[in-house]
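Note sheet for the following structure.
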6 protein chains.
Amino acid sequence: MDCRIIKSPGENTMAILNRRKSSKEKLDKPDAIGLVQGKLIEMICATDVAEKAVGVTIEDIRGSCPQNMILLAIFGDTASVVAAIEEIKRREKNNEW
Amino acid sequence: MDCRIIKSPGENTMAILNRRKSSKEKLDKPDAIGLVQGKLIEMICATDVAEKAVGVTIEDIRGSCPQNMILLAIFGDTASVVAAIEEIKRREKNNEW
Amino acid sequence: MDCRIIKSPGENTMAILNRRKSSKEKLDKPDAIGLVQGKLIEMICATDVAEKAVGVTIEDIRGSCPQNMILLAIFGDTASVVAAIEEIKRREKNNEW
Amino acid sequence: MDCRIIKSPGENTMAILNRRKSSKEKLDKPDAIGLVQGKLIEMICATDVAEKAVGVTIEDIRGSCPQNMILLAIFGDTASVVAAIEEIKRREKNNEW
Amino acid sequence: MDCRIIKSPGENTMAILNRRKSSKEKLDKPDAIGLVQGKLIEMICATDVAEKAVGVTIEDIRGSCPQNMILLAIFGDTASVVAAIEEIKRREKNNEW
Amino acid sequence: MDCRIIKSPGENTMAILNRRKSSKEKLDKPDAIGLVQGKLIEMICATDVAEKAVGVTIEDIRGSCPQNMILLAIFGDTASVVAAIEEIKRREKNNEW
């Protein structure tokens, strides 16, 4: 799994995510975005970890034809996003799925 | 094949699975979800093993364009899901297909 | 090529195959199913071998987006399915295409 | 590139090819079928070699989602199909494109 | 990530980019185009870097079925495009995401 | 990148290219066709090189699902096509993009 954090995302970045997310509501610009990319089975486990964290919203993002890949986007204030990403990394490292 | 178990799945996790499953009925939140990812031929054999186990429901989950991949989701009480996943792993290890 | 045999297939297994096969008629549950997965060129040769065997019916199964892959499913009584799969393996081993 | 020849193709084999070819006319059963699988750029060169051979008809066959892959099917009497496949192999071996 | 710069792009080049970009407005020919290709997660981070640079416009370009790949096109005067590409390369090199 | 030249292309070869090109006009049979296959970012740079050459017409050709791949077809008299392909190869070799 590949994890990254964008602080104060710009408008084009939000536009690309809005164009490719599964849910319909337009997202407001958050303080930070956490991104997680991996195999479908990993993304579903990461989603479950992230949504048990506090203060974040989760979206799955499609590429144009992302095979068994989805990108998970975690929106929220910077501290919450960092905490959610850290927990996902910790679970992966310890193979705690 | 890659196998994982999610206990007490959250709402976003259920939403992602509901959005991508082949059958139409909305799934109720189960105690646990077993996930199995592999080649199409492996998934069909794993489906057959899982459905001969007791106390579980089976769904095949599509990625956006999962090539020859499908993800198998096994729903049920925790003990039944663990038993089904263990049987799939045992069959794969012993090449008993 | 990857070959497997499922004896007395369950209902979910039949449902997954019925959902993904190219022809329209719903298949009755056979005694056994032979599965063969490989490149498109290999599958077409395997189809030709299988249909010259006796007592089996053949279907090509799509994944959601199986690239150049199709899965060949061979339905029939157990002895006929085993014989067809053995002949496919023998031809592949001896490179008799 | 991967090349194979099927002699006296069966009905299922013809049905799979008929379902996946680009042109619309239904093909009659030929004496033999030559199959060539490779990258799109190779297939276009192989098409040009095959159509300058005598006594064969050419079709490009799609997989369900064959990426940059197409399968070339060469129909005709056995000697003509063998000659066309041999010429494609010779050109590839000598890198005469 | 793979980065390239085209100076004084020709009409066919603009036509290919116009045919494959996500937004609808036809682009005017810029002085230069910066191109960045990589994984979806990298492209989203690169978009965020590029749009915080000055004097450039950003488009995401689809291949026909680019899996988890998109191509980022950065339009503007030559100096601005070069500066945006340099900043993306610097961030990648220092792993400053 | 993979580059090839077809001299005096046959009708089937033209038909495959006509079926898969992005623009709508039917192409007349040229003296020669240059083919270039590579990653989307490479193809866009190659397009720009080719269209600054003289005496050639350019088309991008889709595979059935060519991921981030397109095939570039360069039509014209033999000398012009050879010159355009040589310039593309020279630029790639010297990394002059």
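So you know, we letter chains A, B, ... as the sequences are listed, proteins then strands, and number each from 1.
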Is it true that, when you exclude [X] itself, more than 12 heavy atoms of the residues, nucleotides or ligands shown sit nearer than 6.0 Å to its [atom1]?
X: C:Lys7; atom1: NZ; value: no
X: B:Glu11; atom1: CD; value: no
X: C:Asn94; atom1: CG; value: yes

Quiz item: Quick one: what part of C:Ile33 sits under 4.5 Å from any heavy atom of chain B, side chain, backbone, both or neither?
Solution: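 No part of it gets close to chain B.
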Quiz item: Using non-hydrogen atoms only, which part of C:Ile6 is less than 4.5 Å away from chain B: side chain, backbone, both, or neither?
Solution: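 For C:Ile6, side-chain heavy atoms alone lie under 4.5 Å from chain B.
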Practice problem: Work out which heavy atom in B:Ile41 is nearest to a heavy atom in C:Arg4; give both atom names and the distance. | Solution: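 Nearest heavy atoms, B:Ile41 then C:Arg4: CD1-N, 4.2 Å.
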Measuring from [X]:[atom1] to [Y]:[atom2], what's the distance to the nearest 0.5 Å?
X: B:Leu40; Y: C:Ile61; atom1: CG; atom2: CD1; result: 8.0 Å
X: B:Glu51; Y: C:Ile16; atom1: CD; atom2: CD1; result: 8.0 Å
X: B:Ile58; Y: C:Thr13; atom1: CD1; atom2: OG1; result: 7.0 Å

Quiz item: In chain order, what residues pass the salt bridge (charged side-chain N to carboxylate O under 4.0 Å, His left out) check against B:Lys52, with sequence neighbours excluded?
Solution: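 Per chain and number, B:Lys52 pairs via salt bridge (charged side-chain N to carboxylate O under 4.0 Å, His left out) with B:Asp48.
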Quiz item: Which answer fits B:Glu42, side chain, backbone, both or neither, if we ask what part of it has an atom under 4.5 Å from a heavy atom of chain C?
Solution: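 Contact with chain C is through both the backbone and side chain of B:Glu42.
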Exercise. Could you tell me which residues satisfy side-chain contact (heavy atoms from CB on, under 4.5 Å) with C:Asp31, sequence neighbours excluded, listed by chain and number?
Key: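 side-chain contact (heavy atoms from CB on, under 4.5 Å) list for C:Asp31, sorted by chain: C:Asp77, C:Thr78.
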